[in-house]
4 protein chains.
Amino acid sequence: MRVAVFATGGTFDKEYNELNGELYFKKTHIAEMLALGRSRVPIRLQTLMMKDSLFMTSSDRQKIASACRSAPEQRIVITHGTDTMEDTARFLARKVTDKTVVLTGAMVPYKFGSSDGLFNLGSALALAQELPPGIYVAMNGRCFTWDSVAKDRTTGVFEEKVRRAKPTARRQTPR
Amino acid sequence: MRVAVFATGGTFDKEYNELNGELYFKKTHIAEMLALGRSRVPIRLQTLMMKDSLFMTSSDRQKIASACRSAPEQRIVITHGTDTMEDTARFLARKVTDKTVVLTGAMVPYKFGSSDGLFNLGSALALAQELPPGIYVAMNGRCFTWDSVAKDRTTGVFEEKVRRAKPTARRQTPR
Amino acid sequence: MRVAVFATGGTFDKEYNELNGELYFKKTHIAEMLALGRSRVPIRLQTLMMKDSLFMTSSDRQKIASACRSAPEQRIVITHGTDTMEDTARFLARKVTDKTVVLTGAMVPYKFGSSDGLFNLGSALALAQELPPGIYVAMNGRCFTWDSVAKDRTTGVFEEKVRRAKPTARRQTPR
Amino acid sequence: MRVAVFATGGTFDKEYNELNGELYFKKTHIAEMLALGRSRVPIRLQTLMMKDSLFMTSSDRQKIASACRSAPEQRIVITHGTDTMEDTARFLARKVTDKTVVLTGAMVPYKFGSSDGLFNLGSALALAQELPPGIYVAMNGRCFTWDSVAKDRTTGVFEEKVRRAKPTARRQTPR
């Protein structure tokens with residue numbers, strides 16, 4: 001069961017430019033991280049964009065939604081900046097209804113040693129394979145549905161948000 | 001929803017003794033790893049033993065089973081050496097029937113930099129919270145049920161094993 | 001033979017703020033690095049300032065010079081941003097004439113994993129103990145005297161600079 | 001001024017075999033380490049052997065001495081296991097009299113993250129370029145002459161040993 005992995009940028013993939021001291025994007029580290037995790041999950045890795053999620057436009061989100069919809073895979077992991085991850089999740093919930101999509105990211109770039117990226121990628125990849133269709137966010141060791149998650153800007157932690165409407169059963173028959 | 005995390009040793013927690021060049025166990029790195037992963041999952045961490053899984057006895061496995069049964073938590077992660085992880089999973093399948101138990105480990109010690117441990121712990125913790133009751137093994141980015149997993153000794157990779165025709169027969173000859 | 005180690009900031013000691021994605025200074029990592037290097041050299045570690053060397057003023061340089069002059073130690077290591085390291089070296093050459101002072105730094109923050117900081121600190125500490133009085137720069141595995149070094153801004157590499165014909169003339173136009 | 005770097009093995013270059021959990025030698029990491037240190041020192045890197053220094057024979061030491069003597073370079077760094085580093089230094093002192101030879105090693109393999117190797121290599125490479133002819137050991141941030149060093153087996157630390165005969169001036173005119 002192949003999983004599509006879409007890179008969109010975010011802190012996850014930022015690097016340090018040693019000539020000017022700035023952070024920038026070169027290319028995604030997802031393949032390297034999956035190798036480190038000794039992952040044997042068949043994946044199709046595609047870089048959709050390399051953006052700080054603060055600068056993501058609705059056109060970018062449309063591109064992500066299209067990639068999800070046209071993907072031959074039923075199970076998808078998206079790496080994404082944490083600042084607007086919940087916005088993209090909400091956007092995708094309206095556009096992608098029949099697939100399992102798990103968004104994840106990192107608080108510290110993978111290359112900086114103290115990153116949560118590898119942990120989060122492990123969570124997201126596992127969840128993408130097991131959860132029923134829906135849009136999820138995997139951060140801080142937890143899994144949230146798109147309509148129940150919010151990042152606390154002060155602490156940097158993703159937390160359960162009170163759902164606005166009557167929630168239907170989240171996962172009826174997992175695996 | 002609190003998760004019980006039981007450390008039993010394995011490569012996961014081995015360290016390098018710089019005085020004699022040997023590998024040994026000091027204490028588990030699970031708390032440090034969860035902090036690195038910015039995990040906010042409420043856990044109860046308990047070290048049951050610190051053993052290379054090649055030296056695990058049925059008495060050790062009984063101890064693990066008891067810990068699972070008496071745990072107030074419904075969801076459990078066990079870190080374990082990879083060499084006999086499938087044996088412990090099979091043992092637990094007979095003893096623990098109403099809880100979600102996910103075993104995981106690492107091919108390289110967490111402290112050695114190139115470890116898959118953080119990735120695997122991310123997978124295992126996420127799965128423990130989402131899967132229905134059962135005994136699972138989370139390795140190589142994948143999730144296996146206890147009766148369908150085997151470690152390939154040559155490659156070090158956990159793989160899907162064809163379930164035998166009569167799964168009950170298994171109980172007659174536990175390894 | 002005790003060595004004075006003065007931290008002044010620079011890339012060496014920068015950290016990543018995971019809440020806003022910016023680089024900042026918290027405190028020096030020199031003690032941690034010396035412990036990693038299993039250094040047994042008696043040192044006195046003092047943080048003079050925590051500055052990006054692009055923002056160093058002549059008042060800052062005066063402070064560094066004073067610390068060198070008043071130090072009871074004959075041998076001194078200074079960690080410093082790379083952008084103006086040669087300027088501070090030149091400044092010190094006029095003020096500190098009877099001690100061995102070795103400046104060093106890093107192209108990548110120590111905390112970011114791919115840093116040259118530990119290598120450079122090893123060089124600088126060794127050189128400070130062995131070289132005769134003078135002001136030196138230890139970068140890129142090499143040791144330069146203060147009047148023969150320049151950082152190539154394009155490559156980030158410290159290189160041998162041809163000494164000018166009248167070295168005394170230099171004093172008239174300090175940068 | 002080119003420096004010859006001879007790898008002989010030792011903890012420095014050991015790696016973890018994830019299939020059997022044993023430590024072994026594959027190839028030296030010196031080139032990778034010098035790249036990490038952004039070293040721009042011209043070097044000639046040669047692997048003489050890949051041995052735990054406890055298993056080094058006098059034939060091995062003869063091979064090292066020959067390599068030093070026949071090297072076109074005047075300045076040499078040797079990476080070596082710490083257990084018998086002082087023995088090899090003493091051996092070389094009788095065979096190599098006109099070159100600067102600095103031995104160094106590590107208490108923890110470079111690949112294990114918590115290694116002192118990069119720090120020591122920085123020290124050794126710097127010292128090899130600056131010290132007058134002689135056989136030296138660079139460990140724990142310090143530099144010892146061959147006849148004044150001993151590793152304390154209990155602590156793993158290299159320490160000053162009382163010289164046996166009347167010492168001549170160690171370094172008359174450094175640089």
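Side chains included, hydrogens not; waters and symmetry mates left out as well; all remaining heavy atoms used. Lettering of chains follows the sequences in order, A, B, ..., and the numbering in each one begins at 1.
Using non-hydrogen atoms only and a strict 4.5 Å limit, the part of residues 100-120 of chain B facing chain A consists of B:M107, B:V108, B:G113, B:S114, B:S115, B:D116, B:L118, B:F119, B:N120.
Highest contact tally toward chain B, considering only A:N140, A:L34, A:V3, is held by A:N140 [criterion: heavy-atom pairs under 4.5 Å].
Between B:R142 and B:E160 there is a salt bridge, with a side-chain nitrogen of the basic residue lying less than 4.0 Å from a carboxylate oxygen of the acidic one. For B:K63 and B:D60, the salt-bridge test fails: no basic side-chain N is under 4.0 Å from an acidic carboxylate O.
Nearest approach of B:E73 to B:A4, heavy atoms of both residues: OE1-CB, 3.5 Å. Closest heavy-atom contact between A:K95 and A:F91: CG-O, 3.4 Å.
Heavy atoms of A:V41 lying under 4.5 Å from chain B belong to its backbone as well as its side chain.
No side-chain donor from either of A:S53 and A:D83 sits under 3.5 Å from a side-chain acceptor of the other.
With hydrogens and angles disregarded, a donor-acceptor distance shorter than 3.5 Å links the side chain of B:Q129 to the backbone of A:G141.
Rounded to the nearest 0.5 angstrom, A:H80 NE2 and A:M56 CE are separated by 3.5 Å.
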